[in-house]
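These values consider heavy atoms only, across backbone and side chains, with no hydrogens, waters or symmetry-generated copies. Convention: sequence-line order gives letters A, B, ...; per-chain numbering from 1.
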Protein chains: 4
Amino acid sequence: MTISPTQEPRWRRLPEERPQQIIDAALAIFGERGLAAARLEDIAKRAGLSKGTIYLYFPNKEELFREVIRHTIIAQIERAERELAAAVQQSASETLAQFVRGYWDFLRSPNFAALFRLVHAELSNFPDLARFYGREVVERKLRLVTGIIERGVRNGEFRDIDPAVAARMLGPMLLMHGMWCSHRDLFKATANKTDEQVIDEVLDFFLHAIRPAPTAKKPRESHSSK
Amino acid sequence: MTISPTQEPRWRRLPEERPQQIIDAALAIFGERGLAAARLEDIAKRAGLSKGTIYLYFPNKEELFREVIRHTIIAQIERAERELAAAVQQSASETLAQFVRGYWDFLRSPNFAALFRLVHAELSNFPDLARFYGREVVERKLRLVTGIIERGVRNGEFRDIDPAVAARMLGPMLLMHGMWCSHRDLFKATANKTDEQVIDEVLDFFLHAIRPAPTAKKPRESHSSK
Amino acid sequence: MTISPTQEPRWRRLPEERPQQIIDAALAIFGERGLAAARLEDIAKRAGLSKGTIYLYFPNKEELFREVIRHTIIAQIERAERELAAAVQQSASETLAQFVRGYWDFLRSPNFAALFRLVHAELSNFPDLARFYGREVVERKLRLVTGIIERGVRNGEFRDIDPAVAARMLGPMLLMHGMWCSHRDLFKATANKTDEQVIDEVLDFFLHAIRPAPTAKKPRESHSSK
Amino acid sequence: MTISPTQEPRWRRLPEERPQQIIDAALAIFGERGLAAARLEDIAKRAGLSKGTIYLYFPNKEELFREVIRHTIIAQIERAERELAAAVQQSASETLAQFVRGYWDFLRSPNFAALFRLVHAELSNFPDLARFYGREVVERKLRLVTGIIERGVRNGEFRDIDPAVAARMLGPMLLMHGMWCSHRDLFKATANKTDEQVIDEVLDFFLHAIRPAPTAKKPRESHSSK
DNA sequence: TATGAATGAGCGTTCATTCAT
DNA sequence: TATGAATGAACGCTCATTCAT
């Protein structure tokens, strides 16, 4: 009676939040267990609903899964766009640093962990979703970073590297460091470092790799000092 | 190798090649479908055996899964050790390049793809295996790379970077590029590049990031130090 | 009419035409799908109502089913009585022909098809309804035909047959021919005959069977007596 | 252990009787409950098996149902052919009487009751089975009876009636009387008659309807009697 | 050892029934 | 009165596991 499976016993039937509630719960459960092992009953319980209710909004488990993936991907895109829109135009390095921090926050969010797991574990059986993910998430993000670096190359902040190539290096480092930081119990590598330190290390490494050809002494400092 | 993350060595009677056959088949099927969705029947079929036979060698599905993971991890370690033993001591850069190429081959092998999928998708429910993986695969590899870089730093091939930090950057880039190359249909980023080009790009990027305070630095510094 | 095979008259408030609408829709759906496979939702949709509304008039699916059967049976009885009342007293043969044509029309109506299906498919689980059907439909109709034949026997139109026995033969022939005519695609037997022809054949056959022993009164007996 | 759901505890796993066992049980349960209301578990229990076992032999409930129908129809055909082969050629009337008795036995068997129920209740959703039934059971039987009557017409035993028309009258009478006799509790019509009496009544009625046109007979007989 | 028929617990899905509006 | 969202019991079907052979 007073037992609420999650935490909200107060509001009864706010009618049009159902699909979102279900998707949120489903993302969590799918993320924990994977598609096959996730039980609709658990998703329902987590959403504070009963099993049958899910079927009022989604035709079956697979379609719910697809919707979860699509929804999460789209949410990620929108979040990124919102962030981008709010961004101030600065030097390429500063823009890059800002992007890295924003991306890092996302990488460390539970939703990302779930999405990442699902993408790698299940999307081989959903080629359309895999393509959607590749196009809308990976390539989109690569294009964004490529643009920033391109600007840096043009204005001499960075060396004359192929911006697309450089862009491809950043994501992996951030992604994997994000995962390591999310499992500090499992990986000593990042165990005794703060997130802040880790980001700085990645960013520093990345900037070293693309810093202008050293003929000019201390590239960044000499520039800014001028 | 002699490390057993859990505690049961009882089904260790390997009368012939059965266990290995089963493990190989299981890795493939688990890799394709995931733990929950994989059917023992399919594993048996792939191994050319009948369902019941699996139970002569493994007490149940979960234990088979654990053994598949353990076995694959151990195989990976052994392979790496074998490679390392065969390696000639060269300059750090050359050693690094050699390591990268060997690692790349592994990253592109089907067994790695399966292992990667399973590690990320299922190991959250098998903390002991996760720890085993973290320790014996990730950290081991990091230590190895760290050692190479350390040598390079000491002999002036590389700049004065924390070798452990640099080492952490290499794996992610290789790993993700390996995955992109394995799914060229999904990712335009690497679609029109050969594996060779991709490795070179990664290696080049990495070496740029750790190259000694560039040719420019040293001369001038030696000057100023005078 | 006033016979209620079970015992509950409580939901008898028929404020408008709702109950009739529902019963009509239910008869159609039950007739198509059977009791178990019929979905209340479909009945509601067919009646132009919503699912919940049915429960304002009928306590549950089973009771709705019972009422559909009762109602349909009663309607059939009333229809027959109305017809009978309108009938002109004629020769037994003519009365018989008239009855046959009226009955035939009913046999070919969709409501009868549904009722027949339900009676044979479901009534074994509803003994009270089965008894009601046997008493009020089958036996009633048999009594009616018996009466007509009795008259024919008495006035010499028909031979000296047991009227009750003869009566039992008529229904089955009409019934099954009705079904065959309703499925001419499935049965070649009646495929290329009109309904008119079929009725005539049945009636002719029946009259031949009960026609008076021709001038030589008792045909067979005269034979044997020789 | 010693509990046997039906009646056979002695033989364990006579391997190749499974499909037949299941079909027999399924016919009974489907016949009692109809397709939708029949529970696989009940069929399994009746067959002395467990639920899952059915799926080793039939892919799903619907296919089991189809197989039950097909199988029962074919069994009926084979039974009829066997009977026919054993039949002695006699006068048409005697052959007819023999056919009637054989058919009657079948009509009163539990398998027929089940088949009849299923045919009328479910076959509208299985057009292929309905066509199969129409062709292989109804029309086949009609052809058989038609042939007998044709012979009787040719040799003067019966009047000059269209044999196909006459044939169509016999089945319905037998069928419905069979059903009435199977439910003597529900129908007073046959309540106090033995099966023997009922068959005789039907046969007598039928023979009267097709007895040689008495008009022809009379003159000659009246002559001789004079 | 090896097999594969048999089992039955478990989950996805449906739908009669309820009830807040 | 009427609605339709919500519930949860019930059932079809799957598959890990057992076991007689």
Side-chain angles (χ1 to χ4, degrees), chain A residues 12-16 18 33 35-45 47-65, chain B residues 13 15-16 18 35-45 47-65, chain C residues 13 15-16 18 35-45 47-65, chain D residues 12-16 18 35-45 47-64:
Chain A
R12 297 271 69 181
R13 316 210 180 168
L14 45 164
E16 297 323 324
R18 280 304 110 84
R33 299 279 209 278
L35 172 55
R39 302 189 306 125
L40 259 314
E41 180 120 36
D42 289 342
I43 294 174
K45 202 170 299 169
L49 298 168
S50 109
K51 219 172 13 159
T53 305
I54 294 177
Y55 286 86
L56 296 177
Y57 300 94
F58 302 91
N60 55 45
K61 191 186 187 183
E62 179 180 321
E63 215 48 52
L64 170 58
F65 176 76
Chain B
R13 42 192 154 132
E16 316 282 343
R18 281 300 113 88
L35 172 55
R39 304 189 301 131
L40 254 332
E41 178 104 42
D42 289 342
I43 294 174
K45 201 171 297 169
L49 299 168
S50 106
K51 223 177 357 165
T53 306
I54 294 177
Y55 284 85
L56 297 176
Y57 299 95
F58 302 91
N60 56 44
K61 191 186 186 184
E62 180 180 320
E63 214 48 51
L64 169 59
F65 176 76
Chain C
R13 45 197 150 126
E16 317 282 344
R18 282 297 114 87
L35 171 56
R39 305 187 303 130
L40 253 332
E41 178 104 41
D42 289 341
I43 294 174
K45 200 172 297 168
L49 299 168
S50 103
K51 224 176 356 167
T53 306
I54 294 177
Y55 284 85
L56 296 177
Y57 299 95
F58 303 91
N60 56 44
K61 191 187 187 183
E62 180 180 319
E63 214 47 52
L64 170 58
F65 176 76
Chain D
R12 299 270 68 179
R13 320 217 172 161
L14 43 165
E16 298 321 327
R18 279 306 111 83
L35 172 56
R39 303 189 305 125
L40 259 316
E41 180 121 36
D42 288 343
I43 294 174
K45 203 170 297 168
L49 298 168
S50 111
K51 217 173 13 159
T53 305
I54 294 177
Y55 286 86
L56 296 177
Y57 299 95
F58 302 91
N60 55 45
K61 192 187 187 182
E62 180 180 320
E63 215 47 52
L64 170 59

Listed nucleotide nearest any side-chain atom of C:Arg39, set E:dA2, E:dA16, F:dC13: E:dA16
Sugar-phosphate only, base, or nothing, as touched by D:Lys51 at under 4.0 Å among non-hydrogen atoms: base
Touch class at under 4.0 angstrom, heavy-atom based, for D:Ala36 against every strand present: nothing
Residue closer to the 5' end of DNA chain E, B:Gly52 versus D:Ile54 (nearest nucleotide): B:Gly52
Phosphate OP1/OP2 of E:dA2 contacted by B:Tyr57 side-chain N/O (<4.0 Å): yes
Atom-pair distance (CG on C:Leu64; P on E:dC15), nearest Å: 16 Å
5' priority, DNA chain F, between D:Thr53 and D:Glu41 [closest heavy atom]: D:Glu41
Shortest non-hydrogen contact between C:Ala44 and C:Ser50, atoms and distance: CB-C, 3.7 Å
Atom pair distance, as rounded to whole Å: CG in B:Leu56 and P in F:dC19: 14 Å
Any C:Ser50 side-chain nitrogen or oxygen under 4.0 Å from OP1 or OP2 of F:dA2: no
Considering all heavy atoms, the nearest C:Asn60-C:Tyr55 contact: CA-CE2, 3.9 Å
Nearest-angstrom distance from the residue atom CZ of B:Phe58 to P of F:dA16: 15 Å
Whole-Å gap separating C1' (E:dA16) and CZ (C:Phe65): 16 Å
C:Lys45 NZ - F:dA2 C1' separation (whole Å): 17 Å
Touch class at under 4.0 angstrom, heavy-atom based, for C:Ala38 against every strand present: sugar-phosphate
Length of the line joining D:Tyr55:OH and F:dG12:P, which is rounded to integer Å: 6 Å
Derivation and outcome, side-chain contact (heavy atoms from CB on, under 4.5 Å), residues B:Leu49 and B:Ile43: CA-CA 8 Å; B:Leu49 299 168; B:Ile43 294 174; over 6 Å; no
Check: B:Lys51 side chain, B:Asp42 main-chain N or O, donor-acceptor pair, under 3.5 Å: no
Along DNA chain F (nearest heavy atom to each residue), the more 5'-positioned of B:Glu62 and C:Gly48: C:Gly48
Whether D:Lys61 side chain and D:Arg39 backbone form a donor-acceptor pair below 3.5 Å: no
Pairwise 5' ranking along DNA chain E for C:Ala37 and B:Leu49, keeping only the more 5' one: B:Leu49
C:Lys61 NZ to F:dA9 C1', straight-line distance once rounded to whole Å: 14 Å
A:Asn60 side-chain proximity, nearest of E:dA6, E:dT3, E:dT13: E:dT13
Touch class at under 4.0 angstrom, heavy-atom based, for C:Leu40 against every strand present: sugar-phosphate
Test log, rule side-chain contact (heavy atoms from CB on, under 4.5 Å), inputs C:Leu40 and C:Ile54: CA-CA 8 Å; C:Leu40 253 332; C:Ile54 294 177; 3.7 Å; yes
Terminal helix-axis angle for the helix from E:dA2-F:dT21 to E:dT21-F:dA2, with five pairs defining each axis and rounding to 10 degrees: 10°
Atom-pair distance (CD on B:Glu63; P on F:dT17), nearest Å: 11 Å
